[in-house]
Amino acid sequence: MNASVAIQVLPGTLDENEVIRIVDEVIAYIKSTGNSCYVGPFETTIEGDYDELMDIVKECQKIAVRAGCDSVSSYVKIAYKPEGEVLTIDRKVSKHHK
């Protein structure tokens, strides 16, 4: 695992129910990829291979649009270590959730 990505998808709609529905579709897709992930209140973090994670980030935008919004904005944070391992989600947060 040479990368960790945090993504916050913001559908271009003011209807809170639609925001939740669309974000839920994006999260369902992320979970379906089989990568380790952690869903937080503002963003979802995914761990895996850098190139695969970049494809997932790209697909998240397309899913939001296919789900019914005219536009989507996303905030993405990337930790990438080409020759090694990045810190895992578990190592970063597990001590805070006991």
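Below, all heavy atoms of this structure are taken into account, side chains as well, without hydrogens, waters or symmetry copies.
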Only counting residues at least two apart or in another chain, list the ones meeting side chain to side chain contact (heavy atoms under 4.5 Å, CB included) with [X].
X	value
I20	D24
H96	none
K95	none
S94	D90

Worksheet item: Going only through I, L, V, M, F, W and Y residues with side-chain contacts under 4.5 Å, is there a path from I46 to V39?
Response: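 Looking at the clustering, V39 is in a separate group from I46.
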Item to complete: Kindly write out the residues that satisfy side chain to side chain donor-acceptor pair (under 3.5 Å) with K77, not counting sequence neighbours, or none if the list is empty.
Response: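 Listed in chain order: E43.
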Atom pairs and distances, side-chain donor-acceptor, residues 54-72, under 3.5 Å, sequence neighbours left out:
residue: E59; atom: OE2; partner: R66; partner atom: NH2; Å: 2.6
residue: Q61; atom: OE1; partner: S74; partner atom: OG; Å: 2.7
residue: Q61; atom: NE2; partner: V57; partner atom: O; Å: 3.0
residue: Q61; atom: NE2; partner: S74; partner atom: OG; Å: 3.2

Connected hydrophobic set around [X], excluding itself, where side chains approach under 4.5 Å:
X	value
Y75	L10
I22	none
V93	Y38, I89

Worksheet item: Atom CD in E47, atom CD in E52: separation rounded to 0.5 Å?
Response: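 These two atoms lie 12.5 Å from each other.
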Worksheet entry | CZ-CD distance between R91 and E85, expressed to the nearest 0.5 angstrom |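 Answer for the CZ-CD pair, R91 versus E85, is 11.5 Å.
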Practice prompt. Of all the heavy-atom pairs spanning A6 and T45, show the shortest one and how long it is.
Written response: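 Closest approach of A6 to T45: CB-OG1, 3.8 Å.
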Item to complete: Write down the atom of L53, the atom of A3, and the distance for their closest heavy-atom approach.
Response: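 Distance-wise, the nearest heavy atoms are CD1-O, 3.6 Å.
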Item to complete: Only pairs at least two apart or in different chains count here, so list each ring-ring contact (aromatic ring centres under 6.0 Å, His included) that has a residue in residues 45-64.
Response: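 Counting only pairs at least two positions apart or across chains, the ring-ring contact (aromatic ring centres under 6.0 Å, His included) contacts touching residues 45-64 are Y50-Y80.
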Item to complete: Keeping to residues at least two apart or across chains, list the side chain to side chain donor-acceptor pair (under 3.5 Å) pairs with something in residues 1-14.
Response: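 Side chain to side chain donor-acceptor pair (under 3.5 Å) check on residues 1-14 returns no pairs.
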Practice prompt. Would you please name every residue forming a salt bridge (Lys or Arg N to Asp or Glu O under 4.0 Å) with E18, sequence neighbours left out?
Written response: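 Only R21 meet the salt bridge (Lys or Arg N to Asp or Glu O under 4.0 Å) criterion with E18.
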